Structures are given as C-alpha cells and as structure tokens.
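Contents: one structure, followed by commentary.
Computed from a prediction, not measured in an experiment: that's the story for all the values here.
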Amino acid sequence: AWLRQHGGAVAAIIVALLCVGSVGRLVARLQRRLAEPRFAAAYVHKDSGHYVEIAQAFAAGDWRMHYVTRRAHRQPLYSMLLAVPLKWAPPGLFPLALVNVIVFAVLLVSAYLLVTTLFASRVAGVAVAGFLATDSFLFDNISTRLLTEPLFVLLAFLSCAAFLAYVQE
C-alpha cells in the first residue's frame with residue numbers, strides 16, 4: 001500500500017540517482033582521461049575534429065556551413081550544441097565533453113518518461129533508464145570520443161514520444 005501511494009516519488013528518486021551516478025562516473029572518467037595528452041588528442045581525432053571545426057565556425061558567428069560541398073555529411077545540430085561551450089566556457093576539451101554528458105542525462109529522464117507513459121508502468125520506465133545508465137556502448141562512446149551517438153539516441157526517443165503524442169490525439 002505504501003509503495004502504491006509513493007511509487008511516483010520512489011521512481012523519481014531512482015531515476016535521479018541513476019542520472020547523478022551516471023553523470024558522476026562519466027565526469028570522473030573524462031577528467032582522468034582528458035588529463036592524458038595521448039587520450040586528449042584521440043578524443044577529437046577524425047570525425048570528432050570535424051564536428052569541433054564546424055562548432056568553432058558557429059561559435060564565431062559563421063552559420064554558412066561552408067564545409068558542405070555537394071551534400072551535407074555532418075548535420076549541424078551537434079555542432080551547434082558544441083558551439084555553446086566553445087563560445088562561453090573556458091577553453092579545453094572538458095566543456096565540450098560535458099555536452100554529451102548533459103545529453104545523456106536528458107536521455108535517461110526522457111526514456112523514463114516515454115516508457116512510463118507508453119506502458120503505464122513506472123517499473124518499466126525505471127528499468128529502461130537503468131539499462132541506458134549501464135549501457136557500456138554509450139558510456140564508452142561518451143568517454144572516448146566526441147561523437148553524435150548520445151544525441152542520436154536522445155532524438156530517437158524524443159521522436160517516438162512526439163509520434164505517440166500525435167497518435168493519442
């Protein structure tokens with residue numbers, strides 16, 4: 001009876017703990033790894049470096065996307081998110097890395113809300129948030145490269161939520 005009455009608060013606390021724990025793990029790993037020059041160079045190598053170059057242009061006010069020659073290979077949303085810390089945060093890789101950490105935290109909350117709404121089950125929502133919080137692919141991706149995968153997963157969840165909202169109307 002107590003759990004039925006306070007289930008929403010318990011689920012919210014669990015999801016909050018998953019967010020805080022995941023963010024803490026990611027921040028600690030990023031601080032440790034970005035302090036190593038060899039790793040820091042690899043963090044923005046190849047594709048990641050291209051996203052940073054585009055973000056630097058955006059941060060400088062150049063929105064022309066001159067990097068597009070025939071068709072867009074790099075979508076601008078991720079670079080726009082990276083432009084925010086480039087413009088207003090202290091220089092360095094850590095503020096850029098925090099973009100994916102923030103996206104990941106928003107993903108956990110969004111996944112919980114979507115699944116809870118879809119299945120009318122807080123347990124299912126907490127389970128999905130827990131699976132995402134312990135997903136080694138996303139964790140490794142966020143802590144080893146500056147790439148779009150966390151944003152893609154978030155946008156996929158948000159697209160599902162928008163579709164469900166549309167279908168329910």
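Under the 4.5 Å side-chain heavy-atom criterion for ILVMFWY residues, no single connected hydrophobic cluster contains both V52 and V84. Note on F152 and V101: same hydrophobic cluster, where clusters join Ile, Leu, Val, Met, Phe, Trp and Tyr whose side-chain heavy atoms are under 4.5 Å apart, directly or indirectly. In the hydrophobic clustering of this structure, I13 does not group with V123; members are Ile, Leu, Val, Met, Phe, Trp, Tyr whose side-chain heavy atoms approach within less than 4.5 Å, directly or through other members. Taking hydrophobic clusters as Ile, Leu, Val, Met, Phe, Trp and Tyr residues chained together by side-chain heavy-atom distances below 4.5 Å, L158 does not share a cluster with F131.
Y112 approaches G125 most closely through the heavy-atom pair CD1-C, 3.4 Å. Shortest non-hydrogen contact noted between G8 and R122 is CA-NE, 3.3 Å. In plain terms, the two heavy atoms of R29 and D140 that are nearest each other are NH1-OD1, 3.1 Å. The heavy-atom pair separating A89 from P95 by the smallest distance is CB-CB, 3.7 Å. What you find for L86 and A55 is that their closest heavy atoms are CD1-CB, 3.5 Å. Scanning all heavy atoms of the two residues, the minimum distance from A133 to L108 falls at N-CD2, 3.6 Å.
Taken to the nearest 0.5 Å, the CD1 atom of I142 stands 10.0 Å off from the CZ atom of R25. Note that the OH atom of Y51 and the CG atom of L82 stand 9.5 Å from one another [nearest 0.5 Å]. For the atom pair I102 CD1 and C19 SG, the distance stands at 12.0 Å (nearest 0.5 Å). For the atom pair CG (L147) and OH (Y43), the distance works out to 8.5 Å, reported to the nearest 0.5 Å. Atom CG of L164 is separated from atom CG of L118 by 5.5 Å, given to the nearest 0.5 angstrom. Atoms CE and CH2, on M80 and W63 in that order, are 5.5 Å from each other to the nearest 0.5 Å.
For the pair P85 and L98, the minimum side-chain heavy-atom distance is 4.5 Å or more. Residues L154 and F104 have side chains not in contact (no heavy-atom distance under 4.5 Å, counting atoms from C-beta outward). No side-chain heavy atom of F137 sits under 4.5 Å from any side-chain heavy atom of V153. Two residues are said to be in side-chain contact when any heavy atoms from C-beta on lie closer than 4.5 Å; L146 and Y78 meet this criterion. Put simply, the side chain of L151 reaches to within 4.5 Å of the side chain of L77, judged on heavy atoms. The closest side-chain heavy-atom distance from R145 to N100 is not below 4.5 Å.
No option in V27, V20, L26 other than V27 meets the side chain to side chain contact (heavy atoms under 4.5 Å, CB included) test with V23. Here the options are V10, V115, I14, the test is side chain to side chain contact (heavy atoms under 4.5 Å, CB included), and the partner is V126; only I14 passes.
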